[in-house]
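Here is the structure we will look at, set down as structure tokens.
This one's a predicted model, so the numbers in the text were calculated from it and none came from an experiment.
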Amino acid sequence: MMRWYNSRPLSVKFLLLALPPSIVVGLVFLGFVLLNQKLLLEETNQGYAQKLAERDAELLSRPLWNLEESSVLAILETIKNEQRLTCLQLVDVLGFEDYPVYGNCQQEKDIITLLQPIVFRDLQGEHRLGTLRVAFNIHADFNVLLQSIGILGGQILLMLIVISASIFWGFRVTILRPMTRFSDSIKTFRETGLRQAVDWDTNDELGQLIREYNSGLISQQESERAILQASREFETTIQNLPFALAVVTNERRVIVSNSAFKQQLGYSSWDGESLDGWVTLAFPDEMYREESVALMAIHVAHANKTGRLTDPLIRDIKDTQGRTRIIELRYFRLEERGVFTFTDITPHKEAEREIAKSAERFEITIRNLPFALAITNKNHDLEMVNAEFSRLFGYKREDIGNYTQWLADNRVLSETEEPSALQKLAHEETVSGQVVGPIEAQLQRKNGKQILIETRLLQLADRNIWAMTDITARARAQNEIRRAKDDAEQALGELRIAQSSLVQSEKLASLGSLVAGIAHEINTPVGIGVTVASSLKDRLPKIKDAISGGTLRKSDFEQFIREVDEATVLLNSSLGNAAHLIQDFKQVAADQTSSQRRVFNLHIVINEVLSTLGPKFKHTQHSLQENINDSIVMDSYPGPLGQIITNFVTNALIHAFDDKNPGTMELTADLDEPQQRALIQFRDTGKGISEEHLARIFDPFYTTRMGEGGTGLGLNIVYNITNNILGGTIRVSSELGKGTLFELSLPLKAPVTTRENA
């Protein structure tokens, strides 16, 4: 019944609450009116009975006085027919003994009994003759009452309907209408999330309530925005906390976990999941898990009781990759929620272990260092010495009090040394962590033996670390090394003089070979020219004689002209070849002898050098191919560069090939434009060089043909020219049986040498 009532509209509730009291009041009022009407009717009936009794007594007075019994009985018969009369009796009437009784004269409810005296009046006065007993039913007539109830009830019902309708209309206008608008505002917020002000403006209590509601909407919207902003900031703060965090309910269900929970512990978001599931994964070992859960329960109970953050609980967990992580777990109560914080302290614990190990290793290292070490405080009191200190000086830590005083007592001074020089080392103002020294000093051991030590001091914030090394043997060795160095420098000077002479001899030998080859080459065209000139010389007198004798025939003259023409062509060709060889030789010889810097085209210079090397191939089966980029222009030293090419070719002819099988050499040059360098490669298809010899190929005087004319300076000269004069680099690679490759990388503009500056 109550559920049905609570689900009804407010108007129905109002009618259910308002109509019953109104009906009850109407019924009470109707009952009151009916009761009053009944009493009024009964009172009227009683008055009527009284009048009838007086009248009847008056009618009976004369017959009774005159003793007219028949008249009295006739009157009684008439009186007894009265409608409401229930009892009629004459009492104590004079002259009558047996008087009749009409009706029931017993006392009953709603019956009124009247004893009306019968008095006769005449001139002599009043004479009492007896009493007339009459009883009347004064109960209200039901039909009359029912008629009155119908009329009055209809009036009351009509009045209740009018009053209820008026009240209901007023209730709807003054209460239901604004309440409906109020409800619509709330419904709009529930459905759309928008807060809509109630359009109602009255000065009554509801108007004031609605105004307060509208005013509260603004404040609530601002509060909601502030709460939303605070919630977002709170959520952002939680998500960006540097430690993992999980908020749980009393049933240990995770409400929210932040991103660090996944990043640090390797577990994905546990929002909505039970914390027991995470505990099972994090503590796979059952016994350790039970222990951890019990400890966590103790911490939770303590936090719930005190309301404070618990002390850290250190536990080992397993992440999703099976790695052991050390976490610091804390818990505190936040209203109806519990908050667990998980801080991954694995790096800190590992660092602590490493620090402990480092400290242990440091102490072991210090005690076993191969040099003497002493540690003092800022007051220079000795705190620790290592084993080498005790071995070197013969003193233990307890033998020494103040370290600087011990230094002063054991210092052996020379005539030029300052007595406090070593002690001042500890008082120098330096930055913490800076090493000062070294200072060499002569100290005396406990047994009286003197040793030379080298002292360094490491000054820390609250400690001084003294490191001392016995340099007695080193000083002796340094003296011996110094003498050996002087001897070596003298020998090196002599060796350099010899090397310079050998290098110069190598250059002259190379130039001599070049001259011999060029001379041989020039001999051929010159010999052809001499032969042609001799032939013309022998032929010319015959023509002269024929002309002077007049015997010259046209055919003979034409034959002579053809011979002269052929001789001229042959002479020009032979002499041109000779002139070209001489010109190339002059340029190469000038470059190699002067080593002057100039701007040149690399293709031209290499062709000039190769042309002077032609005689070396004439009587061999070997060949040289060249592929030179003709756009490479260099500002460098053509003479040293030609020397390199010459040494490459000569070295290949001597070492790379045998006389039985023909070999091929290839010389290429290209431009590395971004680096502004020329890349030159010289490759042969010869025997190759073993790794053993390849590592020393550029060493001076290193040759595999010692005693067979090899000096071991050819490739050393190439290396020095490449690095020291041309400012480039050289690499060599080789494989036995497949040949050797030399790679040069030369700047287009050579660096300025010391010779140029001079």
> How long is the gap from CD on Gln450 to CG on Leu452, to the nearest 0.5 Å?
Replying inline: 10.5 Å
>> Walk me through whether Ile298 and Thr310 qualify under side chain to side chain contact (heavy atoms under 4.5 Å, CB included).
In response: CA-CA 10 Å; Ile298 294 173; Thr310 62; over 6 Å; no
>> How long is the straight-line distance from OG1 of Thr740 back to CG of Asp684, given to the nearest 0.5 Å?
In response: 4.5 Å
>> Between Arg333 and Lys305, is the side chain to side chain contact (heavy atoms under 4.5 Å, CB included) condition met? List the steps.
In response: CA-CA 9 Å; Arg333 192 73 177 173; Lys305 181 178 179 180; over 6 Å; no
>> If I compare all heavy atoms of Asn464 with all of Asn377, which pair ends up nearest, and what's the gap?
In response: ND2-O, 4.3 Å
>> Determine whether Lys318 and Thr324 satisfy the following criterion, side-chain hydrogen bond (donor to acceptor under 3.5 Å, both in side chains), listing intermediate values before the conclusion.
In response: CA-CA 5 Å; Lys318 295 288 186 179; Thr324 300; 2.9 Å; yes
>> Looking at every non-hydrogen atom in both residues, tell me the closest pair between Arg597 and Pro751 and how far apart they are.
In response: NH1-O, 3.4 Å
>> Under the salt bridge (Lys or Arg N to Asp or Glu O under 4.0 Å) definition, can you give me all pairs with a residue in residues 287-304, not counting sequence neighbours?
In response: Glu291-Arg315
> So, for Phe389 and Ile400, which heavy atoms are closest and what is the spacing to 0.1 Å?
Replying inline: CE2-CD1, 3.7 Å
> If you round to the nearest 0.5 Å, how far is NE2 of His655 from CD1 of Ile697?
Replying inline: 8.5 Å
>> With a 3.5 Å distance limit and no angle check, can you tell me whether Tyr637 reaches the backbone of Ala750 through a side-chain donor-acceptor pair?
In response: no
> Is atom OH of Tyr719 surrounded by more than 12 heavy atoms (other residues, nucleotides or ligands) closer than 6.0 Å?
Replying inline: no
>> Parallel, tilted or perpendicular: which one describes the rings of Phe340 and Tyr331, with boundaries at 30° and 60°?
In response: tilted
> Rounded to the nearest 0.5 Å, what separation is found between the CD1 atom of Ile471 and the CD atom of Glu454?
Replying inline: 5.0 Å
> Given the rule in the side chain to side chain contact (heavy atoms under 4.5 Å, CB included) test, do Phe342 and Ile317 qualify, once you have shown the distances and angles that lead to the verdict?
Replying inline: CA-CA 11 Å; Phe342 309 86; Ile317 71 167; over 6 Å; no
>> Is it the case that atom CZ in Arg683 sees more than 12 heavy atoms from other parts of the structure closer than 6.0 Å?
In response: no
>> Using a 3.5 Å distance criterion without hydrogens, assess whether the side chain of Arg445 forms a donor-acceptor pair with backbone atoms of Arg391.
In response: yes
> Phe742 vs Phe682 aromatic rings, parallel, tilted or perpendicular, using cut-offs 30° and 60°?
Replying inline: tilted
>> Please report the interatomic distance CG(Asn647) to CD1(Ile717), rounded to the nearest 0.5 Å.
In response: 6.0 Å
>> Tell me the closest heavy-atom pair linking Pro747 and Gly727, and the distance in Å.
In response: CD-O, 3.4 Å
> side chain to side chain contact (heavy atoms under 4.5 Å, CB included) with Thr722: which residues, sequence neighbours excluded?
Replying inline: Ile644, Val718, Ile730, Leu744, Leu746
> Are side-chain heavy atoms of Phe393 and Val385 found at a separation under 4.5 Å?
Replying inline: no
> Is the backbone N or O of Lys749 less than 3.5 Å from a side-chain atom of Ser636, with the two atoms forming a donor-acceptor pair by type?
Replying inline: no
>> Show the nearest heavy-atom pair for residues Phe698 and Leu715, with the distance to one decimal.
In response: CD2-O, 3.4 Å
> Where is the tightest heavy-atom contact between Pro640 and Ile721, given as atom of each residue plus distance?
Replying inline: CB-CG2, 3.3 Å
> How long is the gap from CD on Gln681 to OG on Ser745, to the nearest 0.5 Å?
Replying inline: 10.5 Å
> Under the salt bridge (Lys or Arg N to Asp or Glu O under 4.0 Å) rule, what pairs show up with a residue in residues 721-745, not counting sequence neighbours?
Replying inline: Arg731-Glu743, Glu735-Lys738
>> Would Ile680 and Leu641 count as a side chain to side chain contact (heavy atoms under 4.5 Å, CB included) here? Give the steps.
In response: CA-CA 11 Å; Ile680 301 174; Leu641 179 58; 4.2 Å; yes
